[in-house]
Amino acid sequence: VGTFAIQLAKHLGAVVATTTSAANATLVKGLGADVVVDYRTQDFSDVLRDQDLVLNSQDAKTLDKSLRVLKPGGRLISISGPPDPSFGTQIGASALVKLVVRLLSWGVRRQAQGRGVGYAFLFMQPSGHQLREIARLIEAGAIRPVVDKVFPFASTNEALSHVESGRARGKVVICLK
């Protein structure tokens, strides 16, 4: 998610700040990151201030810190949860599921409102239109996929272990032929 998010944000004209390890700093700068925070030695909530938008893909602790770096009117979008009420509506959930979703996100929505910022959960799902647009941007050279490693189909389990290790720098590809 991060390698594409950096490039898309930069393509749209944003000043981009991101967190990564020092080992990946050159990679993310090459993708367009303007500010790089080494999460192993720095707390991003001590470094960043007055951000317009934060994309969160981590845990609840990081979500809480993300709220603190936004400027009033800013927006926090999380792809790791908790889901918000609009998600329940989007998926056509029953009234009970909508209530559960509302309760799950109540705390973060209350914190966001108290800080004068917005919160939304982004449920990623396949979209032919979005994939065609990304393909167009790749073909135009505005975005470049970062491929960490290519595995033959027979090594699928090894590929999955590599992804689960958290050490992949970019996408892991499994070749069928």
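Predicted model, so just to flag it, every value in this text is computed and none were measured.
By the 6.0 Å contact criterion, CZ on R102 is open, its count of non-hydrogen atoms from other residues, nucleotides or ligands being 12 or less. Other residues, nucleotides and ligands contribute only 12 or fewer heavy atoms inside 6.0 Å of the CD atom of Q113.
Looking at heavy atoms from C-beta onward, F4 lies in side-chain contact with I134 at the 4.5 angstrom threshold. You'll find the side chain of F151 stays beyond 4.5 Å of the side chain of V173, heavy atoms only. Residues K29 and V36 are in side-chain contact: their nearest non-hydrogen atoms beyond the backbone lie under 4.5 Å apart. A heavy-atom distance below 4.5 Å is found between the side chains of L70 and V54. At least one side-chain heavy atom of H162 sits under 4.5 Å from a side-chain heavy atom of K149. In this structure, the side chains of D64 and Q111 come closer than 4.5 Å at one or more pairs of heavy atoms. Annotation: side chain of P85 is in contact with side chain of R109 (closest heavy-atom distance under 4.5 Å). Residues V35 and T18 form no side-chain contact, since every pair of their non-hydrogen atoms from C-beta on lies 4.5 Å or further apart.
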### Task
Verify side chain to side chain contact (heavy atoms under 4.5 Å, CB included) between C175 and V150, making sure each step is shown before the conclusion.
CA-CA 7 Å; C175 285; V150 178; 3.4 Å; yes
- Would N56 and I77 satisfy side chain to side chain contact (heavy atoms under 4.5 Å, CB included), going step by step from the backbone distance to the final call? CA-CA 6 Å; N56 176 62; I77 299 173; over 6 Å; no
Practice item. Given side chain to side chain contact (heavy atoms under 4.5 Å, CB included), test F44 with S66 step by step and report yes or no. Key: CA-CA 8 Å; F44 75 91; S66 295; 3.7 Å; yes
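Under the 4.5 Å side-chain heavy-atom criterion for ILVMFWY residues, no single connected hydrophobic cluster contains both L48 and L31.
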Side chains of residues 114-126: which donor-acceptor pairs under 3.5 Å do they make with residues two or more places apart or in other chains?
unit_1	atom_1	unit_2	atom_2	d
Y119	OH	G81	O	3.3
Y119	OH	P82	O	2.5

Contacts under 3.5 angstrom, residues 94-101 side chains, donor-acceptor by atom type, not counting sequence neighbours:
unit_1	atom_1	unit_2	atom_2	d
S94	OG	V97	N	3.3

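Rounding to the nearest 0.5 Å places CG of L76 at 12.0 Å from CD of Q51. Here the OG-CD distance, from S127 to E133, works out to 10.5 Å after rounding to the nearest 0.5 Å. Within the model, atoms CZ of R40 and OG1 of T19 stand 11.5 Å from one another, a figure rounded to the nearest 0.5 Å. Interatomic distance, CG of L53 versus CG of L12, reported as 10.5 Å (0.5 Å rounding).
When all heavy atoms of S45 and V69 are compared, the pair lying nearest together is CA-CG1, 3.6 Å. Shown here for S21 and D38, the closest heavy-atom pair between the two residues is CA-OD1, 3.7 Å. Considering all non-hydrogen atoms of both residues, L137 and H11 come closest at CD2-NE2, 3.4 Å. For the residue pair A5 and L55, the shortest heavy atom distance occurs at CB-CD2, 3.8 Å. In terms of heavy-atom proximity, G32 sits nearest to K10 at O-CD, 3.3 Å. Residue F153 comes nearest to I174 through the heavy atom pair CA-CG2, 3.8 Å, listed as atom of the first residue, atom of the second, then distance.
The closest donor-acceptor contact from the side chain of S105 to the backbone of P83 lies under 3.5 Å. At distances below 3.5 Å, not a single donor-acceptor pair connects side-chain atoms of T62 with backbone N or O atoms of Q58. Looking only at distances, no side-chain donor or acceptor of D50 sits under 3.5 Å from a matching main-chain atom of K71. Here the side chain of N24 pairs no donor or acceptor atom with the backbone of L27 at under 3.5 angstrom.
Ion pairing of D52 with R75 is absent here, as no side-chain N (NZ or NE/NH1/NH2) approaches a carboxylate O to less than 4.0 Å. Residues D148 and K171 are not paired through a salt bridge, judged by the lack of any N-O separation under 4.0 Å between the basic side chain and the carboxylate. Remark: E139 does not engage R136 in a salt bridge, criterion side-chain N to carboxylate O under 4.0 Å.
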